[in-house]
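Below is one structure, written out as structure tokens, with a few remarks after it.
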Amino acid sequence: MTGNEALDMFCYQCSQTARGTGCTLKGVCGKTPTVHRLQDNLLFAIKGIAAYMHMAREMGVSDDEVDAFMTKAYYATLTNVNFDAASFVALAEEAGMMNVRTMRLLKDTHVKNFGQPEPTPVPTGTRKGPGILVTGHNLRAMHELLKQTEGTGVNVYTHSEMLPAHGYPELKRYDHLAGNIGKAWFDQRQTFSDFTGPILVTTNCIVPPGDAYKDRVYVMDPVNVEDGKRVENYDFSEMIKHAQELPELPEAEGKVTLTTGFSAPVILSLAPRIRELVETGRIRHFFLVGGCDSPFMTGKYFREFVQKLPEDTVVLTLACGKYRINDLDLGDIEGIPRVIDLGQCNDAIDAIDVAVALAEMFGVGVNDLPLTLVVSWMEQKAAAILWSLLALGVKGIYLGPVAPAWVNDDILGVMVDRYDIRLVGDVEEDIRVMLGDVTAEEPGNEVMGSSGA
Ligand code: SF4
Ligand code: SF3
């Protein structure tokens, strides 16, 4: 049992709804709870694609194939259209492939406009003077802001998912792109209160602003909060003026220097070296540890997991989940860093490219590589990425910190049987299973849904 079945379903989208309030056991129309939950699953994946396609559109890119899929998929969830559970699993896989297409479009336009990311050290302190802190994923906003702040004396800092901006040549060439402040999105009440300048929120995640800083918060489409100052048409002049009027930031050294900017081409330029290190046993296993983060205590799993990995392992990471681990100094294996930051969540396309290229180099399938994915999820972009990985045939993904609440036993059965999905459990036992030191059937290594998490 998943423990998620307190309510079998809840649907109130049509006039037939039970008692005029909601269908909770089975639809008056005949919709089953599993179909209803799979419809929600599809809607969540669509929301993720929408977020990435919105970013691509901001860069001037759109795609008829993705648009047509979105229309078809939304329509499938309308009343009295589709009662077939299996077809919703197929639609979820199709959504996964559409998300692959969307992430690639987005990556290509980022590279075309800002250059191929390259490994870049990023300070985490502040420089004396006025500053603006930028969070979210919109790299075009960062580029426009850097252009408009050039020569004004206002420094620009990155927060959360904006960290990878430091790796792009066309963005890092601005000397006043001064560093990274804070960690994942959920630290923003504290981080934004402490920061004395304006804060620009370009995409999710925003937390409703606290009184200490809400008059310094600027939002841009699609982000909105009550009374938020809006930036229109990438015109940051009001915010820059505001920065010059607010108290300066102090000269302060950060506790760590982070490194970001490991694109797929950078990693694959090291492919012959990686091959040699794997074949001589000096690299035993690769892990992808990252994804969307949440403030739950259970998120501690991911840091502890990486800390306990043996020294002959390499960790790829991405998205805001990286902040659980990117301050760890794990050194390198003969020049190959042990923690490699691939970028934002949408840069999962680079992780896919790296895995496919390594599989080709070793002459095996992706599932035969010494590679395990340990993915954290929070919002619905992560659902889209999960379906991308499943649609590409990736098996044995470990998911955490909790099982999706929309999964019931029927869906769970498919997730486990077809995709071998697992839920993260005990750190040490998980590592032993992943490294092949123990099989999953032994006690303590349960498949998804059976660990009670
Ligand atoms: Fe109920 Fe079906 Fe209408 Fe949803 S679509 S409210 S399940 S009758
Ligand atoms: Fe994080 Fe919101 Fe999703 Fe782009 S900033 S990964 S949670």
Side-chain angles (χ1 to χ4, degrees), residues 7-40 43-45 47-52 54-55 75-83 85 99 102-103 106-107 110 134-139 158-165 180 182-188 191 201-207 222-223 260 288-296 299 302 317-324 326 341-351 375-386 388 400-401:
L7 209 58
D8 287 336
M9 62 184 282
F10 185 82
C11 183
Y12 60 176
Q13 71 178 15
C14 88
S15 69
Q16 308 170 88
T17 197
R19 300 170 305 280
T21 55
C23 297
T24 55
L25 295 171
K26 189 177 179 196
V28 172
C29 60
K31 185 161 73 170
T32 64
T34 295
V35 166
H36 178 73
R37 285 163 179 260
L38 286 169
Q39 287 184 344
D40 277 352
L43 289 171
F44 298 154
K47 289 185 194 185
I49 299 170
Y52 293 145
H54 180 84
M55 285 158 61
Y75 190 18
T77 70
L78 191 136
T79 301
N80 293 342
V81 173
N82 185 339
F83 294 99
N99 189 50
T102 308
M103 290 192 295
L106 186 57
K107 185 72 191 197
H110 283 161
V134 187
T135 193
H137 303 71
N138 185 333
L139 295 182
T158 59
H159 172 258
S160 193
E161 277 284 71
M162 196 50 81
L163 168 62
N180 178 258
K183 288 177 174 276
W185 63 271
F186 49 85
D187 77 351
Q188 59 187 257
T191 299
V201 187
T202 66
T203 71
N204 66 312
C205 287
I206 188 167
V207 172
V223 181
T260 190
L288 177 79
V289 184
C292 284
D293 204 0
S294 55
F296 295 142
F302 298 93
T317 190
L318 48 73
C320 65
K322 72 161 72 71
Y323 286 96
R324 295 276 177 184
N326 67 349
D341 177 11
L342 291 167
Q344 298 176 328
C345 49
N346 35 289
D347 296 318
I349 193 68
D350 280 50
V375 178
S376 58
W377 78 279
M378 195 282 283
E379 34 83 332
Q380 297 90 65
K381 287 188 267 105
I385 292 173
L386 178 64
S388 296

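Order of appearance sets the numbers: ligands from 1, and atoms from 1 within every ligand.
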[atom]: nearest protein contact (heavy atom, Å):
atom                    : answer
atom 2 (Fe) of ligand 2 : Cys205 SG, 2.2 Å
atom 5 (S) of ligand 2  : Glu161 CG, 3.7 Å
atom 3 (Fe) of ligand 2 : Cys292 SG, 2.3 Å

Worksheet item: Less than 4.0 Å between a side-chain N and a carboxylate O, is that true for Lys107 and Asp347?
Response: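 Yes, this pair counts.
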Could you tell me, atom by atom, which parts of ligand 2 come under 4.0 Å of a heavy atom of [X]?
X      : value
Lys381 : 3 (Fe), 4 (Fe)
Asn204 : 2 (Fe)
Cys320 : 1 (Fe), 5 (S), 6 (S), 7 (S)
Met378 : 7 (S)

Worksheet item: Asp341 and Thr260: side-chain donor and acceptor closer than 3.5 Å?
Response: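 Side chains of Asp341 and Thr260: pair found under 3.5 Å.
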Discussion item. Can a side-chain donor-acceptor contact be found between Asp187 and His159 if the only test is distance below 3.5 angstrom?
Written reply: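 Note: His159 and Asp187 side chains meet the donor-acceptor criterion.
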Worksheet entry | Phe83 atom CZ, over 12 foreign heavy atoms within 6.0 Å |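 Yes.
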Discussion item. Give me the number of protein N, O or S atoms whose distance to atom 4 (Fe) of ligand 1 is under 2.8 Å.
Written reply: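 Protein N, O or S neighbours of atom 4 (Fe) of ligand 1 under 2.8 Å, waters not counted, come to 1.
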Discussion item. Just to verify, which of Met103, Glu161, Lys322 counts as forming a side chain to side chain contact (heavy atoms under 4.5 Å, CB included) with Gln344?
Written reply: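 Testing Gln344 for a side chain to side chain contact (heavy atoms under 4.5 Å, CB included) against Met103, Glu161, Lys322 leaves exactly one candidate, Glu161.
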Discussion item. With a cutoff of 4.0 Å, is Glu379 in contact with ligand 2, counting heavy atoms of the residue only?
Written reply: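 In this structure, Glu379 qualifies as a contact of ligand 2 - some heavy atom is under 4.0 Å.
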Item to complete: Would you mind telling me if ligand 2 is within reach of the side chain of Gln344, the backbone, both or neither, using heavy atoms under 4.0 Å?
Response: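 Gln344 to ligand 2: no contact under 4.0 Å from either part.
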Worksheet item: Of all residues at least two apart in sequence or in a different chain, which pass the side chain to side chain contact (heavy atoms under 4.5 Å, CB included) check with Thr24?
Response: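 Expected list: Leu7, Phe10, Arg19.
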Practice prompt. Kindly give the heavy-atom pair with the smallest separation between Ala85 and Thr34, and that separation in Å.
Written response: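 Closest heavy-atom pair between Ala85 and Thr34: CB-CG2, 4.3 Å.
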